[in-house]
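The next block holds one structure in the form of structure tokens; read it before the comments.
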2 protein chains.
Amino acid sequence: MDLAVALERIKQAILKREVIVIVGLCEVFYEGRASSILGPGERIAIIKSDYSVLIHRPSGYEPSNWQPPDSKIDLKIKDNTLVLEARRVNPSEILTVIFHEVYQILSWKLLDEADFSMYATEEDMKKAILFNPSIIEEGFQPFEQERKLKPSGFVDILGVDSSGRLTVVEIKRRKATVEDINQLVQYANSVEREFGVRPRAIIVAPGVQRSAVRAMHINSIEFRCLTPKKSAEILRKKAGLDRYAGLE
Amino acid sequence: MDLAVALERIKQAILKREVIVIVGLCEVFYEGRASSILGPGERIAIIKSDYSVLIHRPSGYEPSNWQPPDSKIDLKIKDNTLVLEARRVNPSEILTVIFHEVYQILSWKLLDEADFSMYATEEDMKKAILFNPSIIEEGFQPFEQERKLKPSGFVDILGVDSSGRLTVVEIKRRKATVEDINQLVQYANSVEREFGVRPRAIIVAPGVQRSAVRAMHINSIEFRCLTPKKSAEILRKKAGLDRYAGLE
DNA sequence: CCGTAAATTTCGCCA
DNA sequence: TGGCGAAGTTTACGG
């Protein structure tokens, strides 16, 4: 495909706020927070309506190179190549794609206003515990969420157990790591400094990594098993009850 | 575009190990480690040669949904829609894309064997320090890298200073956070338990977040400023010297 | 704009 | 295969 024609085609599509797919033989250079060089190869470049740029190789989930939304896009012909530059400031970064050949250019005005809903997140686990605190243990009463701690950090849930003892709850949607345990210990320390009493500290997660079990026991951290999926089920049941209540 | 034709076109392209781009109006469902629902909208689906699948909305750097390489891809016509399923085991996950309309299907056999080279990584920072330890301080002598610690974690560089004192070095390519400081404190504790002496602990990074400065001073962590870019320059100079030595 | 933490994080290394 | 940590992580949510 003639590069001058390609350039004009891309410029028009950008003006029309279309999503553009460019297929061709290119080299890619990136300079910014890091630097990278990718030698010649056949790839797909995507310029989205929000001026984000993606370079995808024929394999792999991740783009080899990219520029996030609102990058400044420049196009030019140089030395019989089509040069695509996408710049960003703060951090100052530049992505340069040099097309030696362009096989095809496609563009579409795409309309996509749909909501994206995600379930079984850590947030859902927290909601499930707040809806049914006995997941932690019988008599547990949450009284605060996302409490900011003195030096830094946030407690997921702060509450009291059936005997009135202050309890710190940390939630993870994946197996708890030694880092997670250390973090919870820090949080418990902060809470102790602030409240003047040593709180119970409970990690809620689908499991605990083997290497974290030691740290858990040493620091008297307790564990409750809860998966994101189970939490989502609890919330679905709650939603059903709410709807039923609404129909009465 | 006729959906039966679209289906046949995609199947053929998969057999030929081509990279496929499908543009159309679709809904997307994901069920696995989490769940998500994305209502109808116009998007680009990409099936790569390695059987990874990406769903890209008209904006944003990240795909709204995806399946990593080696997913099992199934296609069928159902209720006047084209259904694309990409399954994965371990973790068990399924991505379902329901196309109500397919505007265009494109596919190419792409050849891309080029090496991807990244510079100014944390690894480069470590190499720069090992090449020129005076970056840490005059007389610093590294004697081990990536030393495994007892409960968990790795020390980037272990060495001795000019007075022979054991020194732990942690490297970060970005401003050090309070989490990074805590991690280094844990590492220093581990090293102290193992060697029986309290080591110096130095964080090497382009800077320290304001909130982390307190934690740094409290824990007697020292700071040396080094950027990934500066490290890459040092390594380039070294490469130049090596080449020069080779020519002599 | 900084700080903090989640993410279907992915990816690569190494035991 | 699982653990471990980096990443140009990105993104979202506060203050």
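Just so we're clear, the structure is a prediction, and the values are computed from it rather than from any experiment. Within every chain, numbering begins at 1; the chains are lettered A, B, ... in the order of the sequence lines, protein sequences first and strands thereafter. Atoms considered below: every heavy atom in the structure, side chains included; atoms not considered: hydrogens, waters and symmetry mates.
A straight line from CZ of Arg173(B) to P of dG5(D) spans 19 Å, rounded to a whole angstrom. The distance between atom CG of Asn65(B) and atom P of dT10(D), rounded to the nearest whole Å, is 20 Å. For Asp156(B) and dA6(D), the CG to C1' distance is 10 Å, given to the nearest whole Å. Straight-line distance from the CE atom of Met118(B) to the P atom of dT9(D): 9 Å, rounded to whole Å. Atom pair Glu123(A):CD and dA7(C):C1' shows a separation of 14 Å (rounding to whole Å applied). What separates NZ of Lys172(A) from P of dA7(C) is a distance of 9 Å, to the nearest Å. Rounding to whole angstrom units, CG of residue Asn182(B) and C1' of dT4(C) are separated by 13 Å. We find that OH of Tyr119(B) is positioned 16 Å from P of dA7(D), with the value rounded to whole Å.
Between Asp180(B) and Arg174(B), at least one side-chain nitrogen of the basic residue sits less than 4.0 Å from a carboxylate oxygen of the acidic one, meeting the salt-bridge criterion. Electrostatic pairing of Glu146(B) and Lys148(B) does not count as a salt bridge here, judged by no charged N lying under 4.0 Å from a carboxylate O. Contact check on Asp112(B) versus Arg57(A) returns a salt bridge, with a Lys/Arg side-chain nitrogen under 4.0 Å from an Asp/Glu carboxylate oxygen.
Here the side chain of Ser49(B) pairs no donor or acceptor atom with the backbone of Ser59(A) at under 3.5 angstrom. Panel note: side chain Asp50(B), backbone Ser52(B); a donor-acceptor pair is recorded below 3.5 Å. Of the possible polar contacts, none joining the Asp124(B) side chain to the Ala232(B) backbone as a donor-acceptor pair under 3.5 Å is found.
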Dump the pairs, protein N or O against N or O of nucleotides 1-3 of chain C, anything under 3.5 Å, distances to one decimal.
residue, atom, partner, partner atom, Å
dG3(C), OP1, Arg210(B), N, 3.1

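Side chain to side chain, Ser117(A) and Asp115(A) fail the donor-acceptor criterion of an N or O pair below 3.5 Å. A side-chain donor from one of Tyr30(A) and Glu93(A) sits under 3.5 Å from a side-chain acceptor of the other.
For the OP1/OP2 pair of dG8(D) and a distance below 4.0 Å, the side-chain nitrogens and oxygens of Arg174(B) include no atom meeting the criterion. Listed pair Tyr187(A) / dT4(C) fails the phosphate criterion, with no side-chain N or O lying under 4.0 Å from OP1 or OP2. Listed pair Gln183(A) / dA5(C) meets the phosphate criterion, a side-chain N or O lying under 4.0 Å from OP1 or OP2.
The stretch residues 38-59 of chain B has no heavy atom under 4.0 Å from DNA chain D, so no residue of it qualifies as close.
Mapping Ala34(B) and Glu179(B) onto DNA chain C by nearest heavy atom places Glu179(B) at the nucleotide closer to the 5' end.
Atoms CZ and CD, on Arg147(B) and Glu144(B) in that order, are 4.5 Å from each other to the nearest 0.5 Å. The line from CZ of Arg236(A) to CD1 of Ile234(A) is 10.5 Å long, rounded to the nearest 0.5 Å. Distance OG1/Thr96(A) to CD1/Ile94(A): 4.0 Å, rounded to 0.5 Å.
Counting non-hydrogen atoms under 4.0 angstrom, Thr121(A) reaches the backbone sugars and phosphates but no base. The residue Lys126(A) sits apart from the nucleic acid: no heavy atom pair falls under 4.0 Å.
With P as the reference atom, dT8(C) and dT4(C) are 23 Å apart, rounded to whole Å. Comparing the same atom, C1', in dA7(D) and in dA7(C) gives a spacing of 13 Å after rounding to whole Å.
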Response to the item:
Nucleotide by nucleotide, nucleotides 10-15 of chain C touches protein heavy atoms under 4.0 Å in the pattern (B base, S sugar-phosphate only, - none) SS----
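At a cut-off of 3.5 angstrom, the base of dG8(D) holds at least one donor-acceptor pair with the side chain of Gln67(A).
Taking all atoms of both residues into account, the shortest heavy-atom contact from Ser71(A) to Tyr51(A) is OG-O, 2.7 Å.
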